[in-house]
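Please read all numbers here as calculations on a predicted model, not as lab measurements. In what follows, chains carry the letters A, B, and so on, assigned in the order in which the sequence lines appear, proteins first and then strands, with residues in each chain numbered from 1.
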Amino acid sequence: MTDDTRGGESRGARPSNEKNNTTSSVPVTARTIDPERLALFVEGRLDAAERDEVLAALDQSPELREIYADVIAATGELDTGTTPAVRDVSRATRTVTRTSFAWMALAAGLVIAATTLVWRAQRRAPLAQPSVLVAQLAMANAAQTTPPDAWGLTRGGTTAVALQGRGLRVGAAIADLELLTAAGDSTAPQAAQRVATLLQELPAGFVGGAPYARLANQGRLTMEQLQPAADSAELFVDSRELRVGAWLELVRVAALRGDSAFLASPATRSGLTEIDRLAPRFAHSDAVARLAQSLRADSFDLRAIESDALKLLRDWGT
Amino acid sequence: MAEQNPAESLFLRHLSIIDGVAGSLARRHGLSGDEAADFKAWIRLKLIEDDYAVLRKFRGESAIGTYLTVVIAMLARDYRAQHWGRWRPSAAARRSGELAVRLETLVHRKGHRLSEAGEILRTAGETTLSDRELAGIFAQLPSRLPIRPVAVGAEPLNAVEASDGADTLVAERIRDEEQRLVQEALEQSLSDFTPEDRLIVRLCYWEDMSVADIARGLRLEQKPLYRRLNRMLATLRTRLTQAGVTEEHLAGLLDKAAP
């Protein structure tokens, strides 16, 4: 969008308390129309005179019509949750017929069925955020089991990593940060900087990385400070990959700490389900089947679990 | 922890809407895979640019979702102009759906052969149709030449058979002249309509919007709109016929208004 597209001389560019006071002699075009004014037109919130002005602009400007057609198509496809209904409720109520009732009943049935399916899917315990997983890990011997870096020297560096794998790496780095913070470790801000760096390498990621960069400048971190940053990170990478990355990192830690309770927990079962779901996105890794087998066994082979979790992180996150 | 800039906070809170609208427009304009990802990243960067200048201009008079949709549609137009020049998917491709738009984009904009386009679409999981089936879809689309120059290879030009003979060029000129006359007659006939009626006709035929979308966008009842459009077309037909426009040119105008 060019600068003059954003406002400038059109009436809609002025504050709302001025918009009814004067008329403009400047024709509104795609180059001069204020986006918020077009948004108000789309929402049906302009008065008659302003509406006519935008209608005339749309009539005259092919560029503006193209933009308008895109807006209507996008709002039709997506529920941006904002566009008021086309008809007001009283008119809609008057035109309800028997056929409409039948359709409404059918629609209601479908909504109930869909809601039930979603509810049932959610009941299949989606993998929790890293902070929730960390809370389930025993902290008794936390100090003696700092996990070795899964990616060695390349972690957090500027090496090109596929966007697909980046979610896992960010998740693992967040898990490390949460662990260090939970243990009151003074190096937690450095771990925050690693997460920030990973996020900053993504398109527009310096916004996603900003909350972690701010944390990196703090002297001491608390778990409460981490949550908003973690929520923000899930906007920039695939949240499922992020959570699986965190879970795999914590499986490694649990194996190193001998934390069988974590490995046998519902979180681990959810983690196994999630890696099955994610597997089609990545190149085949034999660590998936081995890890599942080890984690479903009656007694845990901790070394094998740690090794396979590490291999899977490297296979999918590099 | 330092306070977040309000515009940054607005951006983060509505990132799913931003990506959703960008994704929707990418599909509408035939982008997928890496191209769609590039487009989404470009949109994000434009919104962040100049310390979120676009978001700082939001006054809160409209809903944020609608505002973002308008802003992204404006940005998308700039993106297309920068990357594609004047090229855009044809109305026929849009009518036929996403696959036709992608197919047309790959062949006409990027210069792939139909078989290559088919391979690209199948590899990306966008279709399971065979080349023959895709050719059937492609045959329904208008023939167009790529706007941008295409590589011609090392073959000497005098060894390449001319694609258009003199007769074809003459026929094309006549067709262009006819189209110009029809266009002029149409503009003249439309000039007596109200701005809203003119817009409805233009959205329906120039932008190929469905009657349902036009009704939704202009907050009109859909069923009466069909009748209104039919009345307008009847008027147009009479005026255009009086202006000497042939039945052949009129035919295309009349296939859309019936409910």
Next item on the list: Against chain A, work out which of B:Arg202, B:Gln222, B:Arg198 has the most heavy-atom pairs shorter than 4.5 Å and name it.
Entry: B:Arg202
Note to self: Tell me whether the count of non-hydrogen atoms from other residues, nucleotides or ligands lying under 6.0 Å of CD in A:Gln227 goes above 12.
What the structure shows: yes
Notebook entry, point to check: For chain A, which of B:Ile200, B:Ile214, B:Leu199 has the most heavy-atom pairs under 4.5 Å?
Noted result: B:Leu199
Check: Which region of B:Leu68, side chain (C-beta onward) or backbone (N, CA, C, O), has a non-hydrogen atom less than 4.5 Å from a non-hydrogen atom of chain A, or is it both or neither?
Finding: neither
Next item on the list: Answer yes when A:Arg51 and B:Glu196 have at least one side-chain N-carboxylate O distance shorter than 4.0 Å, and no when they do not.
Entry: yes
Notebook entry, point to check: Hey, are the side chains of A:Tyr212 and A:Arg194 touching, using non-hydrogen atoms and a 4.5 Å cut-off?
Noted result: no
Item checked: Positive for salt bridge (Lys or Arg N to Asp or Glu O under 4.0 Å) with A:Glu241, one of A:Arg281, A:Arg166, A:Arg169 -> A:Arg281
Item checked: Option that, when pairs with chain A are counted at under 4.5 Å, heavy atom only, ranks first among B:Ser24, B:Ser62, B:Gly60, B:Gly23 -> B:Ser62
Next item on the list: Measure distances from B:Arg28 to the heavy atoms of chain A and classify the residue's part below 4.5 Å as side chain, backbone, both or neither.
Entry: side chain
Notebook entry, point to check: Do A:Ser131 and A:Glu178 have side-chain heavy atoms sitting under 4.5 Å apart?
Noted result: yes
